[in-house]
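Accompanying notes for the structure given below.
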Amino acid sequence: MFSHVMVGVNDLEVSKKFYDAVLGTLGYGPGFANNKRYFYRSPTGTFAITTPINGEAASHGNGSTLGFTAKSVEQADAFHAAGVANGGTPCEDPPGLREGPAGKLYLAYLRDPDGNKICALHRPG
């Protein structure tokens with residue numbers, strides 16, 4: 001559905017360190033630079049971080065969450081731990097299994113150094 005998702009950040013290098021760590025746990029290589037932005041590519045799309053081109057401060061979207069697919073509970077937990085170790089902040093409930101209309105989901109929520117809410121999601125078999 002999406003070709004790419006990009007979030008604004010205030011300190012590009014701090015955010016690159018954070019995203020290199022959390023996305024590395026999901027099997028993605030370090031972000032590569034292009035015009036004051038970093039890109040993380042997968043076979044199905046691209047995630048990017050950028051300082052706002054209008055020169056104003058980046059801000060997070062209240063009510064927004066970016067979800068990344070985890071292949072296992074262990075991978076989701078590693079994502080969360082790497083995020084906390086690299087400047088992220090835990091949010092929502094601790095990583096764990098939740099049940100709802102979508103069935104069973106294992107979720108691990110974080111806020112990145114700029115307050116963007118991200119999540120690793122694993123769908124147990």
Fill in: Non-hydrogen atoms of G83 and L110 that approach each other most closely
CA-CD1, 3.7 Å

Response to the item:
What one should report as the nearest heavy-atom pair of G96 and R98 is O-NH1, 2.8 Å

Discussion item. Could you measure the distance from the NE2 atom of H122 to the OG atom of S72? Nearest 0.5 Å is fine.
Written reply: 6.5 Å

Worksheet item: For F79 and A120, which heavy atoms make the closest approach, and how far apart are they?
Response: CD2-CB, 3.4 Å

Worksheet entry | Pair listing, ring pair (Phe, Tyr, Trp, His ring centres under 6.0 Å) test, anchored in residues 27-70, at least two apart | Y19-F47, F32-F39, F47-F68

Worksheet item: Atom CD1 of I118 and atom CG of L23: how far apart are they, to the nearest 0.5 Å?
Response: 7.0 Å

Worksheet entry | Residues, nucleotides or ligands: over 12 heavy atoms within 6.0 Å of R123 CZ | no

Worksheet item: Does R37 reach the main-chain N or O of M6 with its side chain, forming a donor-acceptor pair under 3.5 Å?
Response: no

Practice prompt. Please check if V22 and L66 belong to a single hydrophobic cluster, counting links between Ile, Leu, Val, Met, Phe, Trp and Tyr side chain heavy atoms closer than 4.5 Å.
Written response: yes

Item to complete: To the nearest 0.5 angstrom, please state how far the SG atom of C91 sits from the NE2 atom of H80.
Response: 7.0 Å

Response to the item:
CZ of R111 to SG of C119, rounded to nearest 0.5 Å, is 12.0 Å

Item to complete: Identify the heavy atoms of P113 and F18 that sit nearest to each other, and give their distance.
Response: CD-CG, 3.5 Å

Worksheet item: When clusters are formed by joining ILVMFWY residues with side-chain heavy atoms under 4.5 Å apart, either directly or through shared neighbours, do V84 and L26 land in the same one?
Response: yes

Discussion item. Does N62 have more than 12 heavy atoms from other residues, nucleotides or ligands lying within 6.0 Å of its CG?
Written reply: no

Discussion item. Is it the case that the side chain of S15 and the backbone of L12 share a donor-acceptor pair, with hydrogens and angles ignored and the cut-off at 3.5 Å?
Written reply: no

Discussion item. Could you measure the distance from the NZ atom of K17 to the CG atom of D20? Nearest 0.5 Å is fine.
Written reply: 10.5 Å

Worksheet, complete the sentence: Shortest non-hydrogen pair, P52 vs A57, comes out as CG-C, 4.1 Å

Worksheet item: So, the side chain of D114 versus the backbone of N10: is there a donor-acceptor pair under 3.5 Å, distance only?
Response: yes

Worksheet entry | Hphob cluster co-occupancy, L121 + V5, side-chain heavy atoms under 4.5 angstrom | no

